[in-house]
**Student:** 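What follows is a single structure, and I will ask about it in a moment.
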Amino acid sequence: MSVAKRVSEEMETELGEKVGYAIRFENVTGPNTIIKYMTDGVLLRETLKDSDLDKYRVIVMDEAHERSLNTDVLFGILKKVVARRRDFKLIVTSATLNAQKFSHFFASVPIYHIPGRTFPVTTLWSKTPVEDYVEGAVQQAMRIHITSPPGDILIFMTGQDEIEAACYVLAERMEQMVSSSKKAFPKLLILPIYSQLPADLQAKIFQRAEDGARKCIVATNIAETSLTVDGILYVIDTGYGKMKVYNPRMGMDTLQVFPVSRAAADQRAGRAGRTGPGTCCRLYTESAYLNEMLPSPVPEIQRTNLGIVVLLLKSLKVDNLLDFDFMDPPPQDNILNSMYQLWVLGALNNVGALTDLGWKMVEFPLDPPLAKMLLMGEQLGCLKEVLTIVSMLSVPSVFFRPKDRAEESDAARERFFVPESDHLTLYNVYQQWKQHDYRGDWCNDHFLHVKGLRKAREVRSQLLDIVKTLKISLTTCWPDTDIVRKAICSAYFHNAARLKGVGEYVNCRTGMPCHLHPSSALYGMGATPEYVVYHELILTTKEYMQCATAVEPQWLAELGPMFFSVKESDKKKQKQEKTAMEEEMENLKKMQAEVERKQKQEEKEKLAKQQQQVSMPGLKKGSSTYLRPKKLDL
DNA sequence: GTGGACACC
């Protein structure tokens, strides 16, 4: 938006006239707009309505090296548009590191180099691997503060916990230093930043420090690309970051600490050179950088659940997904698994084409199971309730639990509990917030993140607009919440689990152990329920179900017949059902095999390269102790 | 009996 604003000022027009912008919840453009700045997500949605993008003559894909999921899907689509339309131009801008690769993907088009305007950055390497990088970073920061000329410090850590620890230790060391030193000591302003930090605290990093004080910002990779602070002359890079990795076989996301890529490390270093010549202290050896880090991060499309991507591409008439021209094709397992899941949800038919339900699901910017929950809400007569639940599930957890007020915030959360369902608990939170006029101070009083709730409200209103354009009627079942639980069950029966012990479950289909999270409302039932469905399974210290709801076993049979049947039922009928399902499965397997065969033919050369990238923890053999990704035992 | 980088539709 700020770029759009600057350009429109330069062209001496109002923003939204000749120059405009569009992001998810905002569209500031008009009939006279000739330059439109937008996110890759907005453009991707536009291609669904007009796959030739006839509205545009030129598209500039900026920051292409970031390789977001949407950008990667767009590349494949735009490549086709370029082939079809003679009057269309595509310009891709990227960090030079990857330029060759982009050029090659688009039939070896010419590359233009545009020199950057940053200052040189001196790199200092660690001579030996650093065992404890939190401690290492703190020591380095103190050293810079004591011995180096003015200029702010930026430290990269992996997450909230580390940031809090680092800030705490830093403050402690500073205090010791000040009290043991006789002379006056320059101040150090320690500032944490990560996305979940409340906005007012985030804003502090941009404020000027009082006279003589040096700022020390301790950040996640939010400071790598998303926000830029001027005045940084020193960067301390731990060399690590968190990354979400999807495991299709277990249907589970893990958030793991990995060494960052060389490209990311260089990006981090560059943050020291915006104001003047800077310094980057890397808490890893030059050899680790050269030999053990990947040149660039594994693209998101290769490590994510592809449900929504499959749905989108199917709606664009890409019949054979393994044939789609991805710059870096995702692992076949991910594609096939997502197709299977869409088939199970009833979005794809036996030959892999979109069903009526599937076509409707595409309209919603939601993961397929969430879209299905919405549409089942329509069918079952509880759309209003489900709209709220889906919106709440689309934002980060709204419960705020500061460490120093853990008990107090737990008690506040428990007051919202609906004992049979975490989903209904979320609904309850939203309703109460609404009844209190969507007030911010009410959120603070009840240990809720205002930001998250506001976002949920925006999402809800966007979904409501789509519901209206589809002429779906807005039904409610209140106060019969069993119907809501049925709607949840109808979209999440693949995540059904059966009780094994208190709070201990196993997935009904896969046998995967899964645990109720200690924060779940279901603990409030006294005895935990026999059957639950859950929103997602996340591996941390255990496999935890995030957001679970008690369901009746007969609902599973009724709403998820491809997985479940009631034992007592007529054996003959059961056998017939089984045969029918087996037949469908066979069809699906045939479809998959055909798709696989073609893929193998055409992508033979690519495959070796691809596999190298796909084996995600993706580090070369003989990694030193510096590289120790958490091992995932499957 | 306790979690969770970051964008985005």
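Side chains are part of it too, since the values below use all heavy atoms of this structure and drop only hydrogens, waters and symmetry mates. Residue numbers start from 1 in every chain, and the chains themselves are labelled A, B, ... in the order their sequence lines are given, proteins ahead of strands.
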**Student:** Could you work out, with salt bridge (charged side-chain N to carboxylate O under 4.0 Å, His left out) as the rule, every residue matching A:Arg413, not counting sequence neighbours?
**Tutor:** A:Asp410
**Student:** Return the 5'-most residue of the pair A:Lys242, A:Asn70 with respect to DNA chain B, ranking by each residue's nearest nucleotide.
**Tutor:** A:Lys242
**Student:** Within less than 4.0 Å of OP1 or OP2 of B:dC6, is there a side-chain N or O belonging to A:Ser195?
**Tutor:** yes
**Student:** Could you check whether A:Ile222 gets within reach of a base, just the sugar-phosphate, or nothing at all, counting any heavy atom under 4.0 Å?
**Tutor:** sugar-phosphate
**Student:** Is A:Ser397 side chain donor-acceptor paired with the B:dG3 base, going by distance under 3.5 Å alone?
**Tutor:** no
**Student:** Can you measure A:Phe400 atom CZ to B:dT2 atom P for me and round it to whole angstrom units?
**Tutor:** 20 Å
**Student:** Return whichever of A:Gly41 or A:Gly159 has its heavy-atom-nearest nucleotide of DNA chain B closer to the 5' end.
**Tutor:** A:Gly159
**Student:** Excluding sequence neighbours, so at least two apart, what forms salt bridge (charged side-chain N to carboxylate O under 4.0 Å, His left out) with A:Asp404?
**Tutor:** none
**Student:** Nearest to the side chain of A:Thr540, heavy atoms from C-beta on, is which of B:dT2, B:dG4, B:dC8?
**Tutor:** B:dG4
**Student:** Rounded off to whole Å, could you give me the CD-to-P distance for the A:Glu66 and B:dC8 pair?
**Tutor:** 11 Å
**Student:** Under the side chain to side chain contact (heavy atoms under 4.5 Å, CB included) test against A:Thr225, which residue among A:His65, A:Gln267, A:Arg268 passes?
**Tutor:** A:Gln267
**Student:** Could you tell me how far apart A:Glu224 (CD) and B:dC6 (P) are, to the nearest whole angstrom?
**Tutor:** 12 Å
**Student:** Please determine, by modelled atom types, if A:Thr228 and A:Arg271 share a side-chain donor-acceptor pair under 3.5 angstrom.
**Tutor:** yes
**Student:** Can you check the A:Asp404 CG to B:dT2 P distance for me, whole Å?
**Tutor:** 19 Å
**Student:** Would you say A:Ser68 places a side-chain N or O within less than 4.0 Å of OP1 or OP2 belonging to B:dC8?
**Tutor:** no
**Student:** Is any side-chain N or O of A:Thr541 closer than 4.0 Å to OP1 or OP2 of B:dG3?
**Tutor:** yes
**Student:** Decide, yes or no, whether a salt bridge links A:Lys80 with A:Asp52 under the criterion of side-chain N to carboxylate O below 4.0 Å.
**Tutor:** no
**Student:** For A:Ile301 and B:dC6, what is the distance between atoms CD1 and C1' respectively, to the nearest whole Å?
**Tutor:** 17 Å
**Student:** Please state how far atom CG in A:Asp161 lies from atom P in B:dT2, giving the value in whole angstrom units.
**Tutor:** 14 Å
**Student:** If you go through the side-chain atoms of A:Gln546, does one of them form a donor-acceptor pair with the base of B:dG4 closer than 3.5 Å?
**Tutor:** yes
**Student:** From the list B:dC8, B:dG4, B:dT2, which nucleotide is the closest neighbour of the side chain of A:Thr39?
**Tutor:** B:dC8
